[in-house]
Amino acid sequence: MLNTEIIVILLTLAVLEGLLSADNALVMAVMVRPLPAALQQKALTYVMWGAMALRLLGVLLASFIIKYWFLRAFGAAYLAYLVISHFVKKGRDEGHGPKELTGSFWNVVISLNLVNLAFSVDSILAGVALLKPAMRDTSTGFWIVVAGGLMGLVLVRFASTFFLKLLDRFPALDDVAYILIGWIALKLGIETVEQVSEVYHLGWHVMMPPWLFWTGMGLIAGVGTLFAMRRAAVSDAVAEADAQTIRHDLDAAANDPLDGKLDGH
């Protein structure tokens, strides 16, 4: 049964999924540019369907991640790595945006599907981390994580135009999303240490109270958004045009039948 806590978790996942899905869509659109125009849509077709398959696989693996503490430990480390990697790459590639891929058609497709795998894992791990420890071994916890994964599928396919436009106008919102993921990773890591202590009777007692976690989430989201939206990078009209262009390419790719041909038709 839905309660306030579950609704807040789902809304948080929806916002994170929206921003990360838009980031994913932007990466896909940029990284296929080196391919001939006739092959770009075909590459996006394979990548879009691959993204859906990987997200569904992630949902199926969610029950294992919830159940075993060592998988959650890996999840906390992985989320932390993603945050550090994001800001390191941002500093190194400031002003250049996502790098275009080089190589053959299949090199681009395989590389982008590996990128999609990372985005899929992000979604599942964030859903697990948002749950209270007591909720993780319940059917409610499992279905919350599943809902997060499914929201990613829906948002990347149908609602990413809004988030693409938002990220184009205010690129720093992407940073806010990753800071939130970093805070989530810290929570998951602290809880994993506590659970390891209980399993092996180590006597360690470390906890992040729910009020502290959600206060941190609210402050990061609120203050971060205020700073991110102080100045628009582009006009609303330009952001709308950019978002529609990317959305058109992804829609065409998703609707293009997988006929096995590489001629773009």
Side-chain angles (χ1 to χ4, degrees), residues 1-20 58 61-88 118-149 151-152 172-228:
M1 182 176 294
L2 287 178
N3 56 38
T4 303
E5 183 179 27
I6 293 175
I7 291 172
V8 170
I9 290 173
L10 289 174
L11 289 175
T12 303
L13 278 174
V15 173
L16 286 174
E17 284 288 349
L19 290 171
L20 292 176
L61 294 175
S63 59
F64 293 99
I65 297 173
I66 290 175
K67 186 175 181 180
Y68 298 107
W69 68 262
F70 54 86
L71 290 178
R72 292 198 296 274
F74 168 79
Y78 178 74
L79 289 178
Y81 162 77
L82 287 176
V83 176
I84 294 170
S85 177
H86 168 76
F87 286 103
V88 168
F119 279 101
S120 300
V121 173
D122 296 353
S123 166
I124 302 303
L125 291 175
V128 171
L130 286 173
L131 300 176
K132 292 192 302 185
M135 194 183 291
R136 293 198 181 123
D137 292 329
T138 66
S139 60
T140 299
F142 172 74
W143 286 111
I144 289 175
V145 176
V146 170
M151 276 192 289
L173 285 174
D174 197 29
D175 297 337
V176 177
Y178 276 95
I179 294 172
L180 287 171
I181 289 174
W183 183 245
I184 290 170
L186 178 62
K187 172 181 181 285
L188 188 58
I190 290 173
E191 290 175 352
T192 301
V193 171
E194 175 69 16
Q195 288 159 6
V196 169
S197 177
E198 291 177 1
V199 170
Y200 295 103
H201 309 290
L202 299 176
W204 302 337
H205 297 291
V206 289
M207 293 182 63
M208 180 182 287
W211 67 265
L212 177 60
F213 172 70
W214 288 109
T215 299
M217 290 287 285
L219 287 174
I220 293 169
V223 176
T225 299
L226 286 176
F227 275 98

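Here the side chains of His86 and Asp175 are in contact, with some heavy-atom distance below 4.5 Å. Taking the side chain as every heavy atom from C-beta outward, Leu186 and Phe213 never approach each other to under 4.5 Å.
Residues forming a side chain to side chain contact (heavy atoms under 4.5 Å, CB included) with Ala77 (at least two apart in sequence, or on another chain): none. In terms of the side chain to side chain contact (heavy atoms under 4.5 Å, CB included) criterion, residue partners of Ile84 (sequence neighbours excluded) are, by chain and number, Val88. Met207 pairs by the side chain to side chain contact (heavy atoms under 4.5 Å, CB included) definition with Glu194, not counting sequence neighbours.
Not a single donor-acceptor pair under 3.5 Å links the side chain of Ser85 to the backbone N or O of Tyr81.
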Quiz item: Run the side-chain contact (heavy atoms from CB on, under 4.5 Å) check on Ile9 and Trp214 step by step: do they pass?
Solution: CA-CA 10 Å; Ile9 290 173; Trp214 288 109; 3.8 Å; yes
Practice problem: Check step by step if side-chain contact (heavy atoms from CB on, under 4.5 Å) holds for Leu180 and Thr12. | Solution: CA-CA 10 Å; Leu180 287 171; Thr12 303; over 6 Å; no
Quiz prompt | Steps toward side-chain contact (heavy atoms from CB on, under 4.5 Å) verdict (Trp183, Val83) | solution = CA-CA 10 Å; Trp183 183 245; Val83 176; over 6 Å; no
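The shortest heavy-atom contact between Ala80 and Ala185 is N-CB, 3.9 Å. Of all the heavy atoms in Leu16 and Ala177, the pair that sits closest is CD2-O, 4.0 Å.
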Show every donor-acceptor pair shorter than 3.5 Å between a side-chain atom in residues 216-227 and any protein atom, with sequence neighbours excluded, or say none if there are none.
from   : atom 1 : to     : atom 2 : distance (Å)
Thr225 : OG1    : Ala221 : O      : 2.5

